[in-house]
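These notes are about the structure you will find just below.
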Amino acid sequence: MTQVLLHGVLHATIYDIDHLHRELLSNIFHKVVEGIEEAAGFKKTASRLYATIDLEKTRVGRTRLLDHRDSSSSSNPQWNESFHIYCAHVASKLVFTIKVDNPIGTELIGSAYTPVDQILHGNVVDRNLEILNHNHQPIHGASKIHVKLQFYHVTRERCWSRGLKTPDFPGVPYTFFPQRKGCKVTLYQDAHVADSFTPKILLSGGGHYKPQRCWEDIFDALSNAKHLIYITGWSVFTKITLVRDVTRPKLGGDTNLGDLLKRKAEEGVVVLMLVWDDRTSHKLLKKDGLLATHDEDTRNYFVNSKVHCVLCPRNPDDGRSIIQGMEINTMFTHHQKMVVVDHKMPNGDETRRRMVSFVGGIDLCDGRYDTQDHSLFRTLSTTHREDFHQANYKGATITKGGPREPWHDIHCKVEGPAAWDVVYNFEQRWRKQGGEDLLVPLQGMNDIIIPPSYVMFPDDHETWNVQVFRSIDGGAAFGFPESPEDAVRSGLVSGKDNIIDRSIQDAYIHAIRRADTFIYIENQYFLGSSFSWYSNDHIKDHDVGALHLIPKELSLKIVSKIEAGEAFRVYIVIPMWPEGYPVSAAVQTILNWQKRTMEMMYIDIVQALKAKGLMEVNPKEYLTFFCLGNRETKQSGEYEPLEKPEVDSYYRRAQESRRGMIYVHSKMMIVDDEYIILGSANINQRSMDGGRDSEIAMGGYQPYHLSCKKPARGTIHGFRMSLWYEHLGLMDDKLYHPESLECIQMVNQIAERNWQLYISKSMEGDLPGHLLSYPLGVSSDGRVVELHATHHFPDTKAKVVGAVAELYPSILTT
């Protein structure tokens, strides 16, 4: 069978199997003695039937489990489950596999097949497919599986490659939370913005973009709450202060976060916290845990106070096998970062209250406070004297001096109806893992806290339409529907008894497919679509398991624009390396997955350019990767450490060369300057899967600022330009047109100049900008290669291309 690209949406329904022979089932089921399973406490996960959908070797769907002891399920198992599957896969066949699940693994019954070319043109395929064994012979009893299939090519989608175009865009379909109108969104770059950061960015209507201050706004929101404060975090550290700018003092601003929350609880505010329980933070291990989340310290800080702080492990959904449950519990995290408070009304009325929510990438913990200067050394005696963070060099402490690890991040405040969806997310999580029922009964307080309602008038040109997205499953959220039919109606994915919300990935896919002229991404990680990698070594791509579609969707978007002869650019900013020791096995493995992801995209682009006869065009003029770094000359009066790092250590080299990476922790994508997604989710399988790390994000746009007849010039445009001003250190008219060849060439040239200054042996002054070319090259056939003079990151022996460590399971590093 010929392999073809299936790019679009596949609607699939698995109905049932006819005449599944009891003798066949009996032989399989009794390979594991169920009496022993149940005696060992495995009763709820005893052997059950399920079916999977694969495009070639890539899993794209999975049914719930059916108990074979039900007589109707044993001979005629019926699922009647429907799937909405985003596809960006090259395949020759669809594979339906029937398996038996038990607590220690799975057993194969058989598989059925249908060629992809039979569904490619959109016709409905409704048939009974013969189930074959591993020798491709009919299984005993000649059973068949009844399926219905219909494929919609991506070009049939209403907004394919056209942008939003209309203020009536209904939002991303098939999601748990619908799009909400009448909202207000405040966008934040970094935890703080100094008064000296003043980019001149003109918006439509004649106004100028004004950067906002995240931690100051969170401090004000916490301080003014009267009824509730809800917080979730990967890490929450009680000793941090949110207000640190001495030129902008606030009453009580010197109070640390822990004391502020205790004070609010004493005032009668219900303060509830859900903090990820890092299972490595055990008294026999390092107190802060391997990831230094301070979870034990944070819980202990609030003991005997009125603040209710619950440490939450990432529990598996009940439908998982014992082995899968152990994987989830030990390998994955609660990664949502959100604050919810009651707040005064937009007109200033303090007696009536409404909900305000903060979501994004910034945890309320140490090391996160930073400004657009991202200083390495100059704040060590002031802002960062008590908040020194450097996780990339062994033995780094304030007593040994800089460089500290500068932190770049993105967050937002949501007001209006969508803020209530963030509230509901917290309530679902608290009811699942919070223990006591301490939630404020909001539905009974309509006289004080108004129900969800618009905070912006429909004719206000600054109004927002906002949709909340998540990666989460029934192991972390209470109240998900149990039946697959109800799950589908709620925009959830039903599979093997674990109900999943993975709408963040869906939102990214939908936005990329809509994109018309350019995409700008900042993310802590960038790896995925391993089903489409072009590895030419011992790695088996289909076994890696980084199956989310985002990188492949990006490359297919660029390819479609090349084929159409239309301008399109993708700019991606990532860290130099994932936080941690750069030579460690985990970091090196992630870097190698990242390299393979980049390579897949560049090979796609180069092949498309060659097909159009554009042999000499640089693929980096369509897709380009950057990182952030800083380099500072020494100033008089600068902090002088009492000790020195170990001689010839990476730490010592970085200190002497006066340079260091700015850690990119953002999780954001801007499309055509009219739509933005931001939240806690990284571009990796952990964040996009739905059954791994728990995440939350928002997607939004301003209906009066779309790129219909002219470029969008609303808040999202201003935010993107402000970020570029922060990274480039300059403004230029070309930056207003990121889709143009002139813009991407200029940005690439500046970033390459900055990289050369960053790695040079001598320095004459501070680095003029923070944006650096990511130090990898692209060959004529699209392969990603080491640069001649940069095999390792500066001051280290860590390979830029990374190296796969066989000892790490890919589920941990993807």
Side-chain angles (χ1 to χ4, degrees), residues 2-10 55-56 58 86-92 116-117 119-122 151-165 508-521 528-529 531-534 549-572 597-625 669-675 707-708 711 737-745 748 778-784:
T2 304
Q3 289 200 329
V4 296
L5 173 64
L6 208 62
H7 190 203
V9 178
L10 174 65
L55 279 167
E56 211 72 41
T58 303
Y86 289 102
C87 305
H89 305 76
V90 173
S92 63
V116 164
D117 57 16
I119 65 170
L120 190 60
H121 301 293
F151 174 69
Y152 292 87
H153 192 267
V154 70
T155 55
R156 295 177 61 184
E157 296 180 9
R158 57 175 289 186
C159 291
W160 163 249
S161 216
R162 297 176 61 245
L164 294 176
K165 297 304 180 189
Y508 268 85
I509 294 168
H510 211 261
I512 293 166
R513 291 183 176 184
R514 289 194 311 266
D516 185 23
T517 60
F518 84 95
I519 290 173
Y520 175 57
I521 290 173
S529 304
F531 57 83
S532 192
W533 291 354
Y534 301 107
L549 271 58
I550 294 168
K552 190 64 177 181
E553 289 286 351
L554 288 167
S555 68
L556 289 176
K557 167 62 67 172
I558 296 169
V559 167
S560 72
K561 291 294 187 176
I562 292 171
E563 292 173 346
E566 298 175 3
F568 193 84
R569 318 293 168 191
V570 176
Y571 306 76
I572 300 176
T597 303
M598 293 177 177
E599 188 168 78
M600 174 269 293
M601 299 174 73
Y602 279 122
I603 288 175
D604 286 349
I605 293 167
V606 168
Q607 290 176 350
L609 289 170
K610 289 182 177 178
K612 291 285 286 187
L614 303 172
M615 310 295 187
E616 304 303 319
V617 174
N618 183 354
K620 287 190 174 183
E621 292 177 353
Y622 287 88
L623 168 68
T624 185
F625 289 88
M669 181 171 75
I670 289 173
V671 177
D672 298 335
D673 270 353
E674 66 179 6
Y675 188 84
S707 56
C708 302
H737 302 281
E739 77 285 355
S740 69
L741 179 62
E742 293 76 15
C743 179
I744 199 165
Q745 286 179 336
N748 281 340
V778 181
S779 69
S780 60
D781 61 354
R783 293 286 175 184
V784 169

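What you see is a predicted model, and the numbers here were worked out from it, not measured in a lab. In this chain, numbering begins with 1 at the start of the sequence shown. Atom set for the values below is all heavy atoms of this structure, side chains included, hydrogens, waters and symmetry mates excluded.
Nearest heavy atoms, Cys87 versus Arg513: O-NH2, 3.0 Å. Residues Pro738 and Tyr571 approach most closely at O-OH, 2.5 Å, considering heavy atoms. Taking all atoms of both residues into account, the shortest heavy-atom contact from Ser780 to Val606 is O-CG1, 3.2 Å. Looking at every heavy atom in both residues, Phe151 comes nearest to Leu120 through CD2-O, 3.6 Å. The shortest non-hydrogen separation linking Leu623 to Tyr602 is O-OH, 2.7 Å. Of all heavy-atom pairs spanning Ala88 and Leu5, the tightest one is C-CD1, 4.2 Å.
Considering CH2 of Trp160 and OG of Ser560, their distance stands at 4.0 Å, rounded to 0.5 Å. To the nearest 0.5 Å, the span separating OG on Ser555 from CD1 on Ile550 amounts to 12.5 Å. From Ile670, atom CD1 reaches atom CD1 of Ile521 across 10.5 Å, with rounding to the nearest 0.5 Å. Rounding to the nearest 0.5 Å gives a distance of 12.0 Å between CD1 of Ile509 and CZ of Arg514. Within the model, atoms CG of Leu614 and CD1 of Ile605 stand 12.5 Å from one another, a figure rounded to the nearest 0.5 Å. Note that CD of Glu599 and CH2 of Trp533 are 10.5 Å apart. Values are rounded to the nearest 0.5 Å.
Take Ala608 and apply the side chain to side chain contact (heavy atoms under 4.5 Å, CB included) test, not counting sequence neighbours, and it matches Val559, Ile562. Shown here are the side chain to side chain contact (heavy atoms under 4.5 Å, CB included) partners of Cys708, two or more places apart in sequence or in another chain: Leu706. Residues satisfying the salt bridge (charged side-chain N to carboxylate O under 4.0 Å, His left out) test with Glu739, not counting sequence neighbours, are none. Every residue was checked against the side chain to side chain donor-acceptor pair (under 3.5 Å) condition with Glu563, not counting sequence neighbours, and none meets it. With sequence neighbours excluded, the residues that form a side chain to side chain contact (heavy atoms under 4.5 Å, CB included) with Ser532 are Tyr534, Lys552, Met600.
Between Tyr86 and His510 the shortest side-chain heavy-atom distance falls below 4.5 Å. Between His121 and His153, every side-chain heavy-atom pair lies at or beyond the 4.5 Å cut-off. With contacts defined as side-chain heavy-atom distances shorter than 4.5 Å, the pair Ile119/Leu6 qualifies.
Evaluation of the salt bridge (Lys or Arg N to Asp or Glu O under 4.0 Å) test over residues 610-621, restricted to residues two or more places apart or in two chains, returns none.
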Give the C-alpha distance, both sets of side-chain angles, the deciding distance and a yes or no for side-chain contact (heavy atoms from CB on, under 4.5 Å) between Asp117 and Thr2. CA-CA 8 Å; Asp117 57 16; Thr2 304; 5.8 Å; no

Assess whether side-chain contact (heavy atoms from CB on, under 4.5 Å) is satisfied between Arg569 and Tyr622, documenting all intermediate values. CA-CA 5 Å; Arg569 318 293 168 191; Tyr622 287 88; 4.1 Å; yes

Test Ile519 against Phe568 for side-chain contact (heavy atoms from CB on, under 4.5 Å), laying out the working first. CA-CA 8 Å; Ile519 290 173; Phe568 193 84; 3.9 Å; yes

Are His89 and Leu549 close enough, and set up right, to give a side-chain contact (heavy atoms from CB on, under 4.5 Å), and what steps lead you there? CA-CA 9 Å; His89 305 76; Leu549 271 58; 3.9 Å; yes

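The backbone N or O of Asp672 lies less than 3.5 Å from no partner atom in the side chain of Thr517, so there is not a single donor-acceptor pair. Judged by distance alone, the side chain of Glu674 and the main-chain N or O of Leu164 form a donor-acceptor pair under 3.5 Å.
Side-chain N/O atoms of Thr624 and Asn748 include a donor and acceptor closer than 3.5 Å.
Under the 4.0 Å criterion applied to side-chain N and carboxylate O atoms, Lys561 and Asp516 are assigned as salt-bridge partners.
Checked options Val154, Ile512, Val570; the residue passing with Lys557 is Ile512 (criterion: side-chain contact (heavy atoms from CB on, under 4.5 Å)).
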